[in-house]
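What follows is a single structure, written as structure tokens, with notes after it.
Please read these numbers as outputs of a predicted model, since none were measured by experiment. In listed order, ligands and their atoms are each counted from 1.
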Amino acid sequence: MSKYKITLIPGDGIGPEVSLAAQRCIEATGVKVDWEVVYAGAEIMEKAGTPLPENVLESVRRNKIAIKGPVTTPIGSGFRSVNVALRKELDLYACLRPCKLYPGVRGLYNNIDLIVVRENTEDLYAGIEFDEGTPEVKALIEKIQTLNPKAKFNPHSAISIKPISAEATERIVRFAFEEAIKLKRRKVTAVHKANIMKATDGLFLRVAREVAKRYEGKIQFEDRIVDNMCMQLVQRPREYDVLVLPNLYGDIISDLCAGLIGGLGIAPGANIGDGVALFEATHGSAPKYKGMNKANPTAMILSSVLMLHHIGEAKAAERLEKAVAQVIKEGRQVTYDLKADRNDPTAVGTSQMADAVINALK
Ligand code: NAD
């Protein structure tokens, strides 16, 4: 009998290939899973009339644990992000993205082991947007100018709203500190632009400082302005430990940190709420590699490692992470992005790299 019932959302683009690789690796650890496979994205939209059918949300709510391949979001117009909607609908407020450099990965650095904690539910990702020239944006601009006559901006602007609340900030900063304690880390750095956005980022920083006081003597705390943070991470990444950020900066800094550890093919992630968790790589659907058996499955396999830890299968998680590390260190059966030369003909495909990880588990 299966021990765990887990929702699997294969996604699109490279999603189905990297999800299958992760699924096979989880099964190879011996952990028994009854997979409930449900679909989201553009293809299901043609059949269901929505890119995020209710049965997907129901499945994740019921099973409490999900693993998901990336889903494409049309740029500029078209439907809103399924990924953002899932996080909001399920109140998966914390996005946890460990960025660890495995020996064998070529890069500018060594010994990087950062954790990015990104707020997942508000900020400019709230989806409160007003297109240029619409009656709504005109009314909004008039309203803003009555409320604040000093507000000077082009009356033909489009507007995106950035809500940041004390409640959401409190829980994400608390989450970052609790993770720091759980993972025996030394420091939390809050990242913001409070010098410019005094209302929203000012609130984020004030609340972060208040939460930090509760952990005084246990975990150090500091803050950085986001632009300076980018430079510091490139120059001195080892000075940092756990970073906590509002949604948009978290998105950008996650990719920067993925770059420090060998690229998007390696960076895993987890979206965590109270009682529900959804695991997915930091990377997107890389449509140009769709169906080519080319994408690196590591980010999804390491997301599975996070999932195994989350469900209490620490031994299986550690074995799987060790197997991934071994394959990367040997550097033979790895995908193109982990080779010194991206055109190296000895690079293997997605499924072959997953086979190598499975063999290393034995
Ligand atoms: P992307 O992460 O899909 O790809 C950017 C580049 O990174 C790729 O072209 C490729 O060179 C490299 N890359 C990414 N994943 C890789 C892997 N596993 N192995 C090897 N190389 C890899 O980012 P994008 O091109 O900006 O986005 C494509 C689509 O994905 C967009 O529609 C975007 O909205 C969506 N997206 C989805 C998620 C998600 O589902 N959580 C996250 C980010 C982007």
Side-chain angles (χ1 to χ4, degrees), residues 8-22 25 39-45 51-52 56 60 66-90 92 95-97 99 105-107 116 118 120 125 127 247-248 250-272 277-304 306 324 327-328 334-339 342-344 347-354 357:
L8 172 73
I9 308 167
D12 54 36
I14 59 170
E17 298 160 65
V18 291
S19 301
L20 180 63
C25 288
Y39 298 92
E43 280 171 33
I44 197 73
M45 183 158 171
L52 182 56
V56 176
V60 185
I67 184 154
K68 173 185 154 296
V71 176
T72 306
T73 309
I75 293 182
S77 56
F79 63 81
R80 288 198 172 277
S81 168
V82 165
N83 312 304
V84 174
L86 266 167
R87 294 168 200 158
K88 280 180 69 181
E89 287 290 328
L90 299 165
L92 302 169
C95 179
L96 182 70
R97 289 176 164 170
C99 291
V105 172
R106 264 161 287 267
V116 177
R118 166 186 176 189
N120 243 353
Y125 273 70
N247 208 335
L248 181 63
D251 181 41
I252 298 165
I253 295 277
S254 294
D255 272 34
L256 191 158
C257 290
L260 300 177
I261 57 149
L264 283 168
I266 297 188
N271 298 294
I272 297 174
L278 181 146
F279 297 82
E280 64 177 338
T282 294
H283 66 70
S285 58
K288 68 180 179 194
Y289 295 140
K290 175 183 173 170
M292 290 170 70
N293 190 35
K294 187 167 166 119
N296 188 342
T298 302
M300 272 299 275
I301 300 173
L302 291 175
S303 301
S304 314
L306 295 176
V324 171
V327 170
I328 291 177
V334 295
T335 46
Y336 77 98
D337 55 314
L338 292 177
K339 293 283 187 183
R342 291 195 152 222
N343 298 314
D344 187 334
V348 302
T350 311
S351 62
Q352 290 72 29
M353 186 162 174
V357 171

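- For a threshold of 3.5 Å applied to N or O pairs, the pair formed by N296 and ligand 1 contains at least one separation below that value.
- Interatomic distance, F79 CZ to T73 OG1, rounded to the nearest 0.5 Å: 6.5 Å.
- Put simply, the side chain of I14 reaches to within 4.5 Å of the side chain of H283, judged on heavy atoms.
- For atom 37 (C) of ligand 1, the nearest protein heavy atom (residue, atom name, distance) is V71 O, 3.3 Å.
- Contact annotation for M353 and ligand 1: no heavy atom of the residue comes within less than 4.0 Å of the ligand.
- Closest protein heavy atom to atom 29 (C) of ligand 1: S285 OG, 3.2 Å.
- For the pair I9 and L86, the minimum side-chain heavy-atom distance is below 4.5 Å.
- Those atoms of ligand 1 with a heavy atom of G265 less than 4.0 angstrom away are 17 (C), 18 (N), 19 (N).
- Residue L264 touches ligand 1 through its side chain alone, judged by heavy-atom distances below 4.0 Å.
- The presence of a protein heavy atom under 4.0 Å from atom 39 (C) of ligand 1 is confirmed.
- In K288, the part holding a heavy atom less than 4.0 Å from any atom of ligand 1 is the side chain.
- At a 4.0 Å heavy-atom cut-off, ligand 1 touches N83 through the side chain alone.
- Contact atoms of ligand 1 toward T72: 32 (O) (distance under 4.0 Å to a heavy atom of the residue).
- The nearest protein atom to atom 3 (O) of ligand 1, hydrogens excluded, is given as A286 N, 2.7 Å; this is a heavy-atom distance.
- Of the protein's non-hydrogen atoms, the one nearest atom 31 (C) of ligand 1 is T73 N, 4.0 Å.
- Using a 4.0 Å cut-off between heavy atoms, K68 contacts ligand 1 through its side chain alone, with no backbone atom that close.
- Distance remark: protein heavy atom not present below 4.0 angstrom from atom 12 (C) of ligand 1.
- Set against the non-hydrogen atoms of R87, the atoms of ligand 1 under 4.0 Å away are 41 (N).
- Residues I67 and E280 have side chains not in contact (no heavy-atom distance under 4.5 Å, counting atoms from C-beta outward).
- M300 has its side chain within reach of S19: a pair of non-hydrogen atoms, C-beta onward, lies under 4.5 Å apart.
- Side chains of R118 and I252 form no contact here, defined as non-hydrogen atoms less than 4.5 Å apart.
- A distance of 11.0 Å separates OH in Y289 from OG1 in T350, rounded to the nearest 0.5 Å.
- Distances below 4.0 Å separate heavy atoms of E280 from the following atoms of ligand 1: 39 (C), 40 (O), 41 (N).
- Given atom 25 (O) of ligand 1, the protein heavy atom at minimum distance is P287 CD, 4.8 Å.
- At a heavy-atom cutoff of 4.0 Å, ligand 1 is contacted by the side chain of I14 but not by its backbone.
- Among all non-hydrogen protein atoms, the one lying nearest atom 22 (C) of ligand 1 is Y336 OH, 4.2 Å.
- Protein non-hydrogen atoms do reach within 4.0 Å of atom 34 (O) of ligand 1.
- Inclusion of A281 in the set of residues having an N or O under 3.5 Å from an N or O of ligand 1 is not warranted.
- Near Y289, the atoms of ligand 1 lying under 4.0 angstrom from a non-hydrogen atom of the residue are 10 (C), 11 (O).
- For the pairing with R87, the side chain to side chain contact (heavy atoms under 4.5 Å, CB included) check across N120, V82, I272 returns one residue only, N120.
- For ligand 1, the polar-atom distance check against G284 finds a nitrogen or oxygen pair separated by under 3.5 Å.
- The shortest contact between atom 14 (C) of ligand 1 and any protein heavy atom is with H283 CB, 3.7 Å.
- The shortest distance between side-chain heavy atoms of L248 and Y125 falls below 4.5 Å.
- Between S81 and V71 there is no side-chain heavy-atom pair separated by less than 4.5 Å.
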